[in-house]
Participant: 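Before anything else, here's the structure in question.
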Number of protein chains: 2
Amino acid sequence: MELQKQEPRWERRKNARPQELIDAALDVFVAKGYSAARLDEVAKQAGVSKGTVYLYFTNKEELFKAVVRDSIVASIANVEELENNHRGDTPTLLRGLMREWWENICATRSSAIPKIIVSEAGNFPEILSFYHEEVIRRAERVTIKILQRGIDAGEFRPVDLKLATQLIFAPFIFICIWKYSFAQCASGAPEGEKVIDAHIDMTLRGLANGA
Amino acid sequence: MELQKQEPRWERRKNARPQELIDAALDVFVAKGYSAARLDEVAKQAGVSKGTVYLYFTNKEELFKAVVRDSIVASIANVEELENNHRGDTPTLLRGLMREWWENICATRSSAIPKIIVSEAGNFPEILSFYHEEVIRRAERVTIKILQRGIDAGEFRPVDLKLATQLIFAPFIFICIWKYSFAQCASGAPEGEKVIDAHIDMTLRGLANGA
DNA sequence: TACATTGTTGACTGGTCAGTTACTAATTGG
DNA sequence: CCAATTAGTAACTGACCAGTCAACAATGTA
């Protein structure tokens with residue numbers, strides 16, 4: 001018989017758990033999508049048992065919403081703040097919005113979320129309306145605000161605000177979808193960074209007020 | 001007691017069943033996607049019991065493959081035949097390919113299939129490799145053949161064949177995805193027909209050999 | 001060291017669904 | 001008309017999984 005210091009079988013981590021679970025959940029949602037994601041796997045990834053997940057999130061849907069809030073909604077909040085505090089010229093501000101989207105969503109694991117919404121929203125209407133309210137509408141609102149500001153200042157020519165907003169976002173969404181579907185098999189996948197640089201350039205030229 | 005001719009409780013329809021089941025299955029796959037589609041519902045839609053589905057298809061995956069063969073693979077076969085028999089100029093042939101894709105896939109219920117592949121292929125690798133082999137590769141092959149033919153005849157300028165093929169297909173795929181995701185909530189959805197007309201026009205101009 | 005508090009566990013439940021099978025009845029052929 | 005054949009049925013099985021809960025053990029307190 002040998003006496004040894006027993007490692008505790010588990011630790012209490014009341015404060016750290018939610019973020020750990022959100023991180024683990026993002027991993028699993030990225031890999032499997034929404035409905036095929038297993039909460040047992042999220043728990044395992046976070047180093048806890050499934051019961052613990054339900055201690056911090058009432059159900060799978062709320063966990064998913066927390067993941068979205070932690071990544072995409074946070075990014076929108078950044079842009080809103082950028083818009084509020086920005087004092088310089090509007091093209092720079094719009095470039096800032098687009099870079100933010102690229103760097104913090106498209107180029108990260110978060111890019112799986114728009115793909116999940118596109119893929120599965122039809123089967124989960126509550127998630128769609130949540131996403132529509134907290135992501136799509138807010139993103140539209142701040143983008144329109146920036147475009148309006150540019151038009152008012154005479155930096156942008158007058159354009160259809162809604163349509164311009166959609167044209168600005170479409171390539172971002174397309175890249176998110178591509179990354180998680182055809183990217184595996186299509187050899188000639190478009191290089192995201194370059195595509196977005198070209199897109200930013202095109203957009204700013206397209207909006208420019210030909211004095 | 002009244003004597004009446006008893007309607008038979010069900011009919012034998014050995015020859016008709018497979019097509020009836022494929023049609024019903026397409027409806028359900030369109031509405032739910034692959035993994036959320038229920039074979040009980042396919043059976044109900046076709047007016048039979050679930051057991052009958054398994055009389056004609058070994059499992060869900062084979063049923064899905066049959067649906068794909070019945071719609072998209074058939075459309076590719078059309079294009080291959082078009083290419084084989086065509087004697088006129090190549091731009092007309094390429095326009096024929098693109099119209100075929102629009103009319104028989106994008107503009108019909110079949111358009112749900114590319115969306116399903118994009119959405120769920122990650123979780124069903126066997127379906128992805130089937131689709132890659134029987135749809136993507138064949139579509140690529142016949143498109144490249146047409147482009148090469150145009151280049152050889154001096155009708156098209158020399159272009160990167162693989163890249164051009166991807167650029168030709170990307171808008172079709174995007175429309176298929178859009179129809180089954182944002183189309184519901186985005187008001188300013190692009191009108192497919194016009195987008196594709198513009199796309200065909202752009203492609204032919206882009207390929208034209210500036211004599 | 002003993003006790004109270006509470007974060008965590010993991011076996012369990014209830015519902016769902018792909019796939020199976022023992023049986024039933026529509027059809028066919030002698 | 002009466003088997004023999006076989007398309008079709010529906011109840012069933014086994015696996016899976018979101019969500020629950022009674023017991024447990026890590027930590028705080030005295």
Side-chain angles (χ1 to χ4, degrees), chain A residues 3-25 27-29 31-67 116 120 123-127, chain B residues 4-25 27-29 31-67 116 120 123-127 130:
Chain A
L3 246 177
Q4 35 183 317
K5 175 75 176 72
Q6 291 289 107
E7 286 281 297
R9 293 212 265 143
W10 42 265
E11 274 182 287
R12 292 188 179 187
R13 303 167 62 75
K14 187 180 167 64
N15 294 325
R17 291 291 188 224
Q19 191 58 49
E20 290 171 359
L21 285 166
I22 286 172
D23 290 344
D27 279 348
V28 178
F29 286 130
K32 299 288 173 62
Y34 180 74
S35 68
R38 303 300 162 215
L39 291 194
D40 262 317
E41 202 178 327
V42 172
K44 192 179 165 191
Q45 182 96 4
V48 297
S49 75
K50 190 165 60 163
T52 302
V53 177
Y54 284 89
L55 215 60
Y56 295 98
F57 301 94
T58 58
N59 54 33
K60 190 178 182 179
E61 189 180 315
E62 287 303 318
L63 177 60
F64 182 75
K65 288 182 185 175
V67 169
I116 290 171
E120 308 196 51
N123 293 322
F124 300 93
E126 295 214 4
I127 289 179
Chain B
Q4 33 183 314
K5 174 75 177 71
Q6 292 289 109
E7 287 280 298
R9 293 212 268 147
W10 40 265
E11 274 182 288
R12 291 190 178 188
R13 302 168 59 77
K14 186 180 166 65
N15 294 325
R17 289 294 187 223
Q19 192 60 49
E20 289 170 0
L21 286 166
I22 286 172
D23 290 343
D27 279 348
V28 178
F29 285 131
K32 298 289 173 63
Y34 180 74
S35 68
R38 302 300 163 216
L39 291 195
D40 262 316
E41 201 178 327
V42 171
K44 192 180 166 192
Q45 181 97 1
V48 297
S49 73
K50 189 166 61 164
T52 301
V53 177
Y54 284 90
L55 217 58
Y56 295 98
F57 301 95
T58 58
N59 55 34
K60 190 177 181 179
E61 189 180 315
E62 287 303 319
L63 176 61
F64 181 75
K65 288 182 186 175
V67 168
I116 291 172
E120 308 196 50
N123 293 322
F124 301 94
E126 294 213 4
I127 289 180
F130 156 81

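Throughout, protein chains are lettered first and strands after them, A, B, ... in sequence-line order, and every chain is numbered starting at 1.
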Participant: Distance to the ring centre below 6.0 angstrom and angle to the axis at most 45 degrees; does that hold for A:K60 and A:Y34?
Facilitator: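 Yes, a cation-pi geometry.
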Participant: For B:R13 and C:dT27, is the shortest distance between a side-chain N/O and OP1 or OP2 below 4.0 Å?
Facilitator: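 False: B:R13 side-chain N/O out of range (4.0 Å or more) of C:dT27 OP1/OP2.
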Participant: Could you tell me the separation between the CD atom of B:E62 and the P atom of C:dA18, rounded to a whole number of Å?
Facilitator: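 So the two atoms are 16 Å apart, to the nearest Å.
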Participant: Atom NZ of A:K32 to atom C1' of D:dA18: distance rounded to whole Å?
Facilitator: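 Distance, rounded to whole Å: 16 Å.
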Participant: Between A:E41 and A:K44 (salt bridge meaning N to carboxylate O under 4.0 Å), is one present in this structure?
Facilitator: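 The answer is no: the pair does not qualify as a salt bridge.
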Participant: Expressed in angstrom and rounded to an integer, what is the separation of B:Y54 atom OH from D:dA11 atom C1'?
Facilitator: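 B:Y54 atom OH is separated from D:dA11 atom C1' by 15 Å.
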Participant: Could you please name the option among C:dT8, D:dA26, C:dA25 that lies closest to any side-chain atom of A:T52?
Facilitator: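 Looking only at heavy atoms from C-beta outward on A:T52, the closest nucleotide is C:dT8.
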Participant: Mapping B:G51 and B:K14 onto DNA chain D by nearest heavy atom, which one lands closer to the 5' end?
Facilitator: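 The residue whose closest nucleotide sits nearer the 5' end is B:K14.
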Participant: Measure NZ/B:K44 against C1'/D:dG8 and give the value in whole Å, please.
Facilitator: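 Checked: the NZ to C1' distance equals 19 Å.
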Participant: Over how many whole Å does the gap from B:K50 atom NZ to D:dA10 atom P extend?
Facilitator: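 Rounded to whole Å, this separation is 13 Å.
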Participant: Rounded to the nearest 0.5 Å, how far does CD of B:E126 lie from NZ of B:K65?
Facilitator: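 B:K65 atom NZ to B:E126 atom CD measures 6.0 Å (nearest 0.5 Å).
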Participant: On the nucleotide D:dT9, are OP1 or OP2 found under 4.0 Å from the side-chain N or O atoms that B:S49 carries?
Facilitator: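 Checking B:S49 against D:dT9: at least one side-chain N or O falls below 4.0 Å of OP1 or OP2.
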Participant: Any heavy-atom pair between the side chains of B:K14 and B:Y56 that's under 4.5 Å?
Facilitator: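 Sidechains of B:K14 and B:Y56: in contact.
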Participant: Within the 4.0 Å heavy-atom criterion, would you say A:L55 contacts the bases, only the backbone, or no part of the nucleic acid?
Facilitator: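 Touches a base.
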Participant: Please round to the nearest 0.5 Å and tell me the distance separating atom CD1 of B:I22 and atom CZ of B:R17.
Facilitator: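 Rounded to the nearest 0.5 Å, the CD1-CZ separation comes out at 13.5 Å.
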Participant: Please report, rounded to the nearest Å, how far the P atom of D:dC24 is from the CZ atom of A:R12.
Facilitator: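 Answer to the nearest Å: 16 Å.
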Participant: What integer distance in Å separates A:R38:CZ from D:dC17:C1'?
Facilitator: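 Distance check: A:R38 CZ to D:dC17 C1' gives 6 Å.
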Participant: Rounded to the nearest Å, what distance is computed from the OH atom of residue B:Y34 to the P atom of nucleotide C:dC17?
Facilitator: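 So the OH-P distance, B:Y34 to C:dC17, works out to 15 Å.
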Participant: Side chain of A:P8: nearest nucleotide among D:dA26, C:dT27, C:dA18?
Facilitator: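 My answer, after comparing the listed nucleotides, is D:dA26.
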Participant: Looking for any heavy atom pair under 4.0 Å, which part of the strands does A:A37 touch: base, sugar-phosphate only, or nothing?
Facilitator: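 Contact class for A:A37: sugar-phosphate only.
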Participant: OP1 or OP2 of D:dA7 versus the side-chain N and O atoms of B:Y56: is any pair under 4.0 Å?
Facilitator: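 No, no such contact exists.
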